[in-house]
Amino acid sequence: MEKAKFIWMDGEFVDWDEAKVHVLTHTLHYGNGVFEGTRAYKTNRGLAIFRLKEHTKRLLNSAKIVAIKTPFSQEELEKAQIELLRKNGFDSNVYIRPLIYLGYGVMGLYHANAPVNVAIAAWKWGAYLGEEGLKNGIKVKTSSFTRNSVKSTMTKAKAVANYLNSQMAKYEAVIAGYEEALLLDDEGFVAEGSGECIFIVRDGILITPPNDNSLESITQDTILQIAKEKNIPVERRRITRDEVYIADEAFFTGTAAEVTPIKEVDGRVIGDGKRGEMTRELQEAYFDIVYGRNSAYEHMLTYI
Ligand code: PPE
């Protein structure tokens with residue numbers, strides 16, 4: 001990972017190498033923390049953060065769900081992210097990672113007396129699943145891990161602890177020679193990737209599962225808005241793994257993954273085994289928006 005100059009910690013800008021925590025940091029032991037992932041793109045008018053409001057809102061909602069009281073407001077956190085990018089003087093695309101965590105001073109499971117800390121880092125992060133993956137698609141494996149169940153975890157929260165499951169699924173997929181995992185829900189329906197939502201295309205219809213068993217993905221929402229504008233028929237319904245096998249096209253969406261085509265699932269070739277036509281159209285539209293080339297979506301960008 002490429003270092004930047006500063007990391008924002010509890011209202012201060014700290015040198016990258018000095019942005020440290022105590023080993024008895026509560027979150028490190030018990031896993032209660034929440035985070036975001038937001039991208040800023042280099043547009044013709046300078047860096048612009050994509051959907052800053054929505055990401056910051058989801059961060060605060062995540063904290064509320066896991067009973068963490070955030071000592072900063074939406075406005076303060078938005079401003080901190082903008083300031084962070086300015087102060088670091090980035091000249092290319094960056095990924096922003098805000099984290100709300102329980103700090104040092106209290107041990108034991110009862111967390112309500114632990115101090116709450118907030119950190120925001122940003123660094124250059126290229127194509128999450130590779131440039132080649134963005135262009136030609138990736139190979140996906142249905143995971144042996146069930147996606148975190150709504151019966152046992154708080155799945156509307158982008159909570160640190162939820163990512164143990166994602167991490168295990170990702171590891172399993174990668175060591176087996178695939179690039180990403182596809183997790184099913186506890187009833188066996190397709191839920192999401194380890195860090196992405198999924199879309200399939202069948203007979204010209206764009207299909208994505210409801211967010212009952214996936215994060216409320218901001219990228220997924222952007223794609224749905226684009227589809228609406230382009231009059232592409234959309235269905236939000238449950239899908240099965242075999243329906244993915246016989247789809248004409250499939251792709252993942254996520255802030256990090258952007259719009260990544262899926263070319264193969266469990267050894268079954270999807271469609272023609274390359275980026276499909278609708279996937280290409282939506283991917284291009286997405287990049288036009290994040291890079292500020294579509295004025296109809298300017299409201300999604302915060303120029304810094
Ligand atoms: N599902 C999960 C489980 C998830 O982690 C993400 C984002 C999404 C769906 C897509 O959400 P959105 O970014 O709002 O479209 N995953 C983040 C973490 C990636 C990482 O490895 O770290 C991300 O894309 O930033």
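One-based numbering, in listed order, for ligands and for the atoms of each.
Under the 30°/60° scheme for interplanar angles, the aromatic rings of Tyr291 and Tyr41 are found to stand perpendicular.
The nearest heavy-atom contact from the protein to atom 23 (C) of ligand 1 is Tyr95 OH, 3.4 Å. Protein heavy atom nearest atom 5 (O) of ligand 1, with residue, atom name and distance: Tyr163 OH, 2.5 Å. Ranking the protein heavy atoms by distance from atom 13 (O) of ligand 1 puts Thr255 OG1, 2.6 Å first. The protein atom (non-hydrogen) at minimum distance from atom 24 (O) of ligand 1 is Ala256 N, 2.8 Å. Looking only at protein heavy atoms, the nearest one to atom 2 (C) of ligand 1 is Glu192 OE1, 3.5 Å.
For ligand 1, one of its N or O atoms has an N or O atom of Ile218 under 3.5 Å away. Annotation: Trp125 places no N or O atom under 3.5 Å from an N or O atom of ligand 1; distance criterion only. Polar contact with ligand 1: absent for His55 (N/O pair, distance under 3.5 Å). Of the N or O atoms in Gln220, none lie within a sub-3.5 Å distance of an N or O in ligand 1. Geometrically, ligand 1 and Glu216 share no nitrogen or oxygen pair separated by less than 3.5 Å.
With a heavy-atom cut-off of 4.0 Å, Glu196 touches ligand 1 through its backbone alone. Residue contacts with ligand 1, taken as heavy atom pairs separated by less than 4.0 Å, do not involve Ser214 at all. For Arg97, every heavy-atom contact with ligand 1 shorter than 4.0 Å involves the side chain, none the backbone.
One option in Ser217, Gly193, Ala257 has a heavy atom closer to atom 11 (O) of ligand 1 than any other, and that option is Ser217. Ranked by closest heavy atom to atom 20 (C) of ligand 1, the top entry among Phe50, Tyr128, Phe35 is Tyr128. When Ser194, Ala169, Gly195 are checked for heavy-atom proximity to atom 16 (N) of ligand 1, Gly195 turns out nearest.
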- Query: For Phe287 and Glu284, what are the C-alpha separation, side-chain angles and deciding distance, and is it a side chain to side chain contact (heavy atoms under 4.5 Å, CB included)?
  - Reply: CA-CA 5 Å; Phe287 283 125; Glu284 279 176 6; over 6 Å; no

**Item:** Trace of the side chain to side chain contact (heavy atoms under 4.5 Å, CB included) decision for Gln283 with Phe251
**Value:** CA-CA 10 Å; Gln283 191 190 49; Phe251 60 90; over 6 Å; no

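For the side chain to side chain donor-acceptor pair (under 3.5 Å) test with Ser194, the passing option among Arg147, Glu180, Lys170 is Glu180; the others fail.
Judged as a side chain to side chain contact (heavy atoms under 4.5 Å, CB included), and not counting sequence neighbours, Lys64 has no contacts.
Judged by the 6.0 Å and 45° rule, Lys87 forms a cation-pi pair with Phe6. No cation-pi contact links Arg39 to Phe50, judged by a cut-off of 6.0 Å to the six-membered ring centre and 45° from its axis.
The CD atom of Gln74 sits 4.5 Å away from the CD atom of Glu78 when rounded to the nearest 0.5 Å. Rounding to the nearest 0.5 angstrom, the gap separating the NE2 atom in His55 from the OG1 atom in Thr302 is 10.5 Å.
In this structure, Tyr163 has its ring center closer than 6.0 angstrom to the ring center of Phe35.
Heavy-atom distances between Lys158 and ligand 1 reach below 4.0 Å in at least one pair.
Side-chain atoms of Thr56 and Glu36 form no donor-acceptor pair, as typed in the model, at a separation below 3.5 Å.
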